[in-house]
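Here the structure is a predicted model, which means the values were calculated and not measured.
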Amino acid sequence: MNDLITQINDAIWTYVLIGVLVGCGLWFTFKTRFVQFRMVGEMLRLLTESAVDTVGKQVGEQQAGKKSKNISSFQAFAVSVSTRVGTGNLAGVATAIAIGGPGAVFWMWVIALIGSATAFVESTLAQLYKEKYKVSFIGGPAYYIQKGLHQRWMAVLFAILITCQFGLSNNSIQANTICSAMQEAFGWSPAWVGGTMAFMAMFIVFGGIRRIAHFSAILVPIMALGYVTLALVIIAMNIEQIPHILKIIVLDAFGIEQVAGGGIGVTIMIGVRRGLFSNEAGEGSAPNAAATAFTTHPVKQGLIQALGVFTDTLLVCSCTAFIILISGLYQVPELNGIALTQSALQSEVGSMGPVFVAVAIFLFAFSTIIGNYYYGEVNICFITSNNTVLTLYRLCSCGLMIMFGALASFELVWNIVDFFMALLTICNLIAIVLLGRYVFRLLDDYRNQKRQGIKEPVFHRSQLPELEDELECWE
């Protein structure tokens, strides 16, 4: 069964998805006039101001003894980054290097640079078509497929696929990685670790999006800064090796030996697959978080989410890649996944390396489990309002699948994730290509307002008269 899934995954990724994913990314890059490069400064400004406003608002709410119902742009960003910054950054990068060689890192960078334009488009669409919901907003690809393309069947298909991918199979891989790391570092039983995680996840997810958003806004910056700081210290201690490491990455990505032996195809495929798993650009996941934010213009959240792709792949994934390549342990056949990352850190900082990775992967992957669950919840609510179905999903996502991942094999959980990720991405890319023209108009409007000296551009649904009746959240 596992071999069959592997063959299907290889066929889909080799002949269909890589070409479509890269092609769409290049198209969006061209149509947005390289938004991911030209507007990095605006991305940083928006994120910084939103983070400061979020902290100030939370302090004010505590003093006033009340809570706001709105999710800030920074909190929505934190939820999406919490799903991006997970096992893909530690175990996924290690797997890419172990199977595809150092050159796979180069293709992870490429897919991030191209994919950030795709991330901008899908998250802007999610903001445009979002709906009012209980305590905040709700939205994502299922919503813009139904309201923008008027294809209910396709929207339901996407909702089912993303629930299977993130709420179920993706959570199993997070649990699998956490349990492997804990067993490697402390010798703890996977069943015991899985049961503890399931209990913790249940407590958080039954609190709804506000508890998830507050949890992510606190944990994500702490865990990312801690890991990146350690990685930068290791890189600084081995700074003389960095030019050689970069040379190895580039030569392996385009090397004559790889071309002659057909290995370059494996390098590209593994690099793109692990890159997409890590940054999720085009997969249709981050838009579910992007839609929850309260903002004055859809483009704002699109820009912030595009920055999330850079944060994930160009920063966190690169840190892991450099640590592994500096250690030289990627050439040891027995090491793969999180064990390779732990061994690489151990070679650099001693016996505390595996312990640090175990703690880091727990924080990374556990926050990812919470974010993954929310993506499934959004889409379950899209399909049905039956509370029994939602409760059953919570038990499966944060109970059954965590235990399955804790006990299943490394190869099986990754194969299942790759399969659903391919189908999910194809469905979302079709939608955003067909709806992308509205994003291009929104971006032009945003830029025009900025040129007129308006610091905080504002969007009104009357600016898209053909969609006025469908945009209920933009007065």
Applying side-chain contact (heavy atoms from CB on, under 4.5 Å) to Lys130 and Ile138, what does each step give before you reach the verdict? CA-CA 6 Å; Lys130 67 185 180 182; Ile138 195 169; over 6 Å; no

Going through the distances and angles, do Asn372 and Gln174 end up as a side-chain contact (heavy atoms from CB on, under 4.5 Å)? CA-CA 10 Å; Asn372 287 343; Gln174 308 301 324; 4.1 Å; yes

Determine whether Glu377 and Tyr393 satisfy the following criterion, side-chain contact (heavy atoms from CB on, under 4.5 Å), listing intermediate values before the conclusion. CA-CA 8 Å; Glu377 178 185 298; Tyr393 162 70; 4.3 Å; yes

Is there a side-chain contact (heavy atoms from CB on, under 4.5 Å) between Asp252 and Phe106 once you walk through the steps? CA-CA 9 Å; Asp252 196 69; Phe106 176 85; over 6 Å; no

Begin with the C-alpha distance, continue with both residues' side-chain angles, and end with the deciding distance and a verdict on side chain to side chain donor-acceptor pair (under 3.5 Å) for Thr163 and Asn379. CA-CA 7 Å; Thr163 301; Asn379 288 276; 5.2 Å; no

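Between the side chain of Ser123 and the main chain of Phe120, no donor-acceptor pair closer than 3.5 Å is present. The closest donor-acceptor contact from the side chain of Ser385 to the backbone of Cys381 lies at 3.5 Å or more, if one exists at all. When atom types are taken as modelled, the side chain of Glu122 and the backbone of Gly282 share a donor-acceptor pair closer than 3.5 angstrom. Put simply, the side chain of Asn288 never gets that close to the backbone of Val378: no donor and acceptor are under 3.5 Å apart. Listed for the Ser397 side chain is no donor-acceptor partner under 3.5 Å among the backbone atoms of Tyr373. Not a single donor-acceptor pair under 3.5 Å links the side chain of Ser343 to the backbone N or O of Leu340. Here the side chain of Ser116 pairs a donor or acceptor atom with the backbone of Leu113 at under 3.5 angstrom.
Atoms CZ and CD1, on Arg394 and Ile380 in that order, are 11.0 Å from each other to the nearest 0.5 Å. Atom CD1 of Ile160 sits about 5.0 Å away from atom CD1 of Ile383, to the nearest 0.5 Å. Remark: Phe419 CZ to Cys164 SG distance equals 10.0 Å, nearest 0.5 Å. Interatomic distance, CZ of Phe322 versus SG of Cys317, reported as 12.0 Å (0.5 Å rounding). How far CD1 of Ile162 is from CG of Leu157: 11.5 Å, rounded to the nearest 0.5 Å. A distance of 4.5 Å separates CD1 of Ile326 from CG of Asn238, quoted to the nearest 0.5 Å.
Nearest heavy-atom pair, Ile145 versus Ala431, reported as atom, atom and distance to 0.1 Å: CG1-CB, 3.5 Å. Nearest heavy atom pair, residue Ala231 against residue Ile323, reads CB-CD1, 3.8 Å. A pairwise comparison of heavy atoms in Ser327 and Ala344 identifies OG-CB, 3.5 Å as the closest pair. The shortest non-hydrogen separation linking Val121 to Val439 is O-CG2, 3.7 Å. Heavy atoms only, all atoms of each residue included: Thr384 and Asn386 are closest at OG1-N, 3.1 Å. In this structure, Gly194 and Ala406 approach most closely via the heavy-atom pair CA-CB, 4.1 Å.
Looking only at side-chain heavy atoms (C-beta outward), Val40 and Phe310 come within less than 4.5 Å of each other. For the pair Val417 and Val413, the minimum side-chain heavy-atom distance is 4.5 Å or more. For the pair Trp109/Ile249, a side-chain contact is recorded, criterion being any heavy-atom separation below 4.5 Å from C-beta on. With contacts defined as side-chain heavy-atom distances shorter than 4.5 Å, the pair Gln301/Gln305 qualifies. Counting heavy atoms from C-beta outward, Ile304 and Met43 have side chains that stay 4.5 Å or more apart. Put simply, the side chain of Leu412 reaches to within 4.5 Å of the side chain of Phe404, judged on heavy atoms. A heavy-atom distance below 4.5 Å is found between the side chains of Ile430 and Met154. Within the 4.5 Å cutoff, the side chain of Ile248 has no heavy atoms near those of the Leu251 side chain.
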Name the atoms and distances for all side-chain donor-acceptor pairs under 3.5 Å in residues 21-31, with sequence neighbours left out.
residue, atom, partner, partner atom, Å
Thr29, OG1, Gly25, O, 2.7
Thr29, OG1, Gln36, NE2, 3.0

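Between the side chains of Glu283 and Gln165, at least one donor N or O lies within less than 3.5 Å of an accepting N or O. Tyr144 and Asn428 are linked by a side-chain donor-acceptor pair at a separation below 3.5 angstrom, with hydrogens and angles left out of the test.
The cationic group of Arg152 lies under 6.0 Å from the six-membered ring centre of Phe382 and within 45° of the ring axis, placing it in a cation-pi geometry. A cation-pi contact, defined as under 6.0 Å to the ring centre and within 45° of the axis, is absent between Lys147 and Tyr129.
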